[in-house]
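Side chains are part of it too, since the values below use all heavy atoms of this structure and drop only hydrogens, waters and symmetry mates. Both ligands and their constituent atoms are indexed starting at 1 by order of listing.
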Amino acid sequence: MRLLLVEDEKELAKPLKEGLEYQKYAVDLAFDGQDGERLARENNYDVIILDIMLPQKDGISITKSLRADGISTPILMLTAKGTVEDKTVGLDAGADDYLPKPFAFGELSARVRALLRRAGTEKKPVLQVADLQLDPATHDVIRAGKDIELVKKDFQLLEYLMRNADRVLTRAEIEEHVWDRNAELWSDVIRSHIKTLRAKIDKGHKTKLIKTIHGVGYKISAK
Ligand code: CA
C-alpha cells in the first residue's frame, strides 16, 4: 500500500512518515502543495493524507482540482483548524475524511485503514491464497499452519501480490505500489525480493504459489 503525505510542518511530517512506514506502508512525502499535487497526479496512491494549510497551494484547492480531473484516490485531510465549517469545506471539496490536529498517531492510522477498506483495497481482513495467509492488520504470515517471518519490503511485496492474486503484475506496477520514490531500485531489486519470498513461502511445499511470467512480471496463484 502506497501513501502520499503532504504536510509542511517537518517536525510533524517526519515522525508520521516513519510511523506509517513502520506499519509497512510505502510513504512519499511532500512539504508544499505544488509538489504534493504533482506527486498525486504522477503516481497511483492508495490514500493521500493532505494538510489544508500548505505553502503554494492549499489542501482544499488541491482536492478540488484532483477531483475535477477524475482522480478519486481517498483523501484524509489534516488541519490545525478544527471548526465545523472547515470540516464541511474539506468534505465538500471531495475529501473522504477529516482529522483535526493535534491527533494521536493511532487515530490517524485507524482512519487510513478505514479509507483503504472503504476503497475496497482492504476487502478481506485476512488475505488467502491456497494454504498461505497474510493478515494486513497483525502482519502475520502463515503457510500450512507455520509462521513465516518477513522483513518489511518482502511483506509489502507479498501483500501486493496477494491482493491481486491470479493477476499478472508487471515490474512497473510492483515498483509503483511497493517502493516509494526515493527508493534506489537497481535493476534486479524486484527479482531479488521475489527470490527471498520463494525461499520463505514456497520452499519445501509441493505447490509453488509465486510464478514468474517471463518478460512481463509476477503473480501469486494456486493454479
Ligand atoms: Ca500546514
Should the pair Lys101-Glu9 be classified as a salt bridge under the 4.0 Å nitrogen-to-oxygen rule?
yes

Taking NZ, NE, NH1 and NH2 as the nitrogens, is one of them in Lys208 or Asp202 under 4.0 Å from a carboxylate oxygen of the other?
no

Is it the case that over 12 heavy atoms from other parts of the model lie below 6.0 angstrom from the NZ atom of Lys211?
yes

Between Asp166 and Lys223 (salt bridge meaning N to carboxylate O under 4.0 Å), is one present in this structure?
yes

Lys/Arg-Asp/Glu bridge criterion (N-O < 4.0 Å) met for Arg2, Asp46
no

Polar side chain donor-acceptor pair, Thr63 to Arg67, under 3.5 angstrom
no

Distances under 3.0 Å only: what protein N/O/S atoms are near the Ca ion (ligand 1), ordered by chain and residue?
Asp8 OD1, Asp51 OD2, Met53 O

